[in-house]
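Quick notes on the structure that follows.
For ligands, and for the atoms within them, numbers begin at 1 and follow the listed sequence. Just so you know, these numbers use all the heavy atoms, side chains as well, and skip hydrogens, waters and symmetry mates. For clarity, every value in this text was computed on a predicted model and none was experimentally measured.
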Amino acid sequence: MKYALVTGGSRGLGRAVCLKLAKMGIPVLINYQSNVTAAEEVKTLVQAEGVDAELIRFDVASKTEADEALACWEAEHPDDYIAYLVNNAGIRRDNVMFMMPETDWHEVLDVSLNGFFYVTRFLLPKMMMRKHGGRIVNMASLSGLKGMPGQVNYSAAKAALIGATKALAQEVALRNVTVNAVAPGFIETDMTKDLPQEELAKLVPMHRFGKPEEVAALVGFLLSDEASYITGEVISINGGLYT
Ligand code: NAP
């Protein structure tokens with residue numbers, strides 16, 4: 001059986017992607033770091049669609065934790081493999097750079113960039129060996145394309161993720177593995193709840209923040225068979241904020 005792994009699947013965009021996968025009939029591994037209640041809720045909602053769902057807790061920024069959890073899952077599922085990977089886990093630690101503590105620089109890169117590296121490297125060999133290949137979608141950001149003041153760490157992490165997406169797509173194209181990135185603008189999740197939404201929405205040509213389900217629809221398409229010839233792309237989803 002082909003499974004999907006969604007990192008940071010317990011809340012926000014990851015949660016919406018898990019629910020989209022459920023609607024597509026794809027069994028989901030819901031990764032989370034600490035919020036077990038939220039993760040359990042997503043699991044129940046996926047199962048309510050008649051689709052298999054499992055929780056897989058690990059910190060994507062820890063190679064040891066990621067390796068252990070994924071190896072354990074593989075040992076328990078000798079006939080299954082993870083064919084769909086959504087590298088979604090990410091954090092913000094905003095500050096102007098001259099005041100940015102080193103920890104905030106490192107933590108943001110550790111989760112978004114190193115997390116992508118640890119999880120993807122672990123799963124790639126199996127994806128490449130299978131006839132059906134695999135699909136990888138990386139959750140980048142408008143910040144990684146445009147650069148956002150107050151987010152030098154986050155912009156750097158997401159820009160690096162975009163570079164990695166394009167490079168990896170070319171490495172694995174012959175193995176039937178596609179690698180794409182999605183670059184959302186402002187989306188209504190816990191990550192943006194401290195932002196002045198009304199003020200920021202005025203900057204968006206559509207005058208509103210996006211909904212997690214709107215991003216999940218795009219991710220679902222990139223994971224689907226219909227997207228089989230799309231690879232190395234970065235697709236913006238931002239209400240016209242930046243083109
Ligand atoms: P969110 O609501 O804050 O949710 C973050 C999710 O990531 C949670 O499920 C959290 O797990 C998980 N997570 C955080 N650190 C982790 C770690 N070290 N290991 C494993 N899981 C971890 O964020 P969001 O808005 O959905 O953002 C999801 C992704 O989209 C991020 O990469 C973000 O940078 C990107 N993005 C968001 C926006 C936006 O406007 N919201 C825009 C552009 C890009 P717990 O529940 O266990 O804490």
Side-chain angles (χ1 to χ4, degrees), residues 5-20 28-43 55-70 85-94 103-104 106-120 137-148 151 153-162 164-165 181-197 200-201 203-204 208-216 218-219 234-239 241-242:
L5 169 64
V6 181
T7 68
S10 48
R11 289 183 289 123
L13 301 185
R15 177 188 200 269
V17 170
C18 290
L19 302 185
K20 177 68 191 175
V28 198
L29 299 182
I30 304 156
N31 161 256
Y32 67 103
Q33 186 183 23
S34 55
N35 199 331
V36 67
T37 313
E40 287 283 4
E41 193 185 302
V42 179
K43 182 180 165 189
L55 299 188
I56 181 162
R57 199 216 74 81
F58 61 87
D59 175 357
V60 296
S62 161
K63 178 189 172 314
T64 316
E65 282 191 22
D67 283 357
E68 274 176 21
L70 292 169
L85 169 61
V86 182
N87 287 302
N88 166 77
I91 55 167
R92 267 176 56 208
R93 297 280 184 272
D94 298 353
T103 46
D104 286 359
H106 288 296
E107 279 176 24
V108 167
L109 271 100
D110 280 349
V111 177
S112 268
L113 188 59
N114 296 344
F116 149 81
F117 176 68
Y118 297 142
V119 176
T120 309
V137 175
N138 297 322
M139 200 58 81
S141 169
L142 166 84
S143 306
L145 291 168
K146 181 185 175 292
M148 292 290 266
Q151 290 196 319
N153 49 359
Y154 186 84
S155 302
K158 296 301 190 182
L161 190 58
I162 287 169
T165 301
V182 167
F186 294 117
I187 313 296
E188 279 174 11
T189 68
D190 289 347
M191 185 179 270
T192 53
K193 70 179 178 206
D194 63 325
L195 300 178
Q197 187 169 151
L200 289 171
L203 305 173
V204 182
R208 67 173 177 89
F209 277 25
K211 301 203 174 308
E213 295 73 27
E214 292 175 309
V215 178
L218 172 58
V219 175
V234 185
I235 304 184
S236 287
I237 175 158
N238 59 30
L241 182 56
Y242 183 74

Which atom pairs, nitrogen or oxygen on both sides, join ligand 1 and the protein at under 3.5 angstrom?
unit_1	atom_1	unit_2	atom_2	d
ligand 1	9 (O)	Gly8	O	3.2
ligand 1	9 (O)	Ser10	N	3.4
ligand 1	9 (O)	Ser10	OG	2.6
ligand 1	9 (O)	Arg11	N	3.3
ligand 1	11 (O)	Ser10	OG	3.3
ligand 1	18 (N)	Asp59	OD1	2.8
ligand 1	19 (N)	Val60	N	3.0
ligand 1	25 (O)	Thr189	OG1	2.5
ligand 1	26 (O)	Leu13	N	2.8
ligand 1	32 (O)	Asn88	O	2.7
ligand 1	32 (O)	Lys158	NZ	2.9
ligand 1	34 (O)	Tyr154	OH	2.5
ligand 1	34 (O)	Lys158	NZ	3.1
ligand 1	36 (N)	Tyr154	OH	3.4
ligand 1	40 (O)	Gly185	O	3.3
ligand 1	40 (O)	Ile187	N	2.8
ligand 1	40 (O)	Ile187	O	3.3
ligand 1	41 (N)	Ile187	O	3.4
ligand 1	41 (N)	Thr189	OG1	3.1
ligand 1	46 (O)	Ser10	OG	2.6
ligand 1	46 (O)	Arg11	NE	2.8
ligand 1	46 (O)	Arg11	NH2	3.4
ligand 1	47 (O)	Gln33	N	2.9
ligand 1	47 (O)	Ser34	N	2.7
ligand 1	47 (O)	Asn35	N	2.8
ligand 1	48 (O)	Arg11	NH2	2.8

- The reported gap from OH in Tyr32 to CZ in Arg11 (rounded to nearest 0.5 angstrom) is 12.5 Å
- Message: Is it the case that the side chains of Thr165 and Asn138 hold a donor-acceptor pair, with the cut-off being a distance below 3.5 Å and no angle test?
- Response: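 Yes - a donor-acceptor pair under 3.5 Å links their side chains.
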- Item | salt_bridge(Arg92, Asp194) N-O dist < 4.0 Å |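 Salt bridge: yes.
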- Query: Do Asn153 side-chain atoms and Asp104 backbone N/O form a donor-acceptor pair below 3.5 Å?
  - Reply: yes
- Indicate yes or no for a side-chain donor-acceptor contact from Ser141 to the backbone of Ala183 under 3.5 Å, with no hydrogens or angles considered. no
- Message: Working note: Glu188 + Arg208, criterion salt bridge (Lys or Arg N to Asp or Glu O under 4.0 Å); need CA distance, chi angles, decisive distance, verdict.
- Response: CA-CA 9 Å; Glu188 279 174 11; Arg208 67 173 177 89; over 6 Å; no
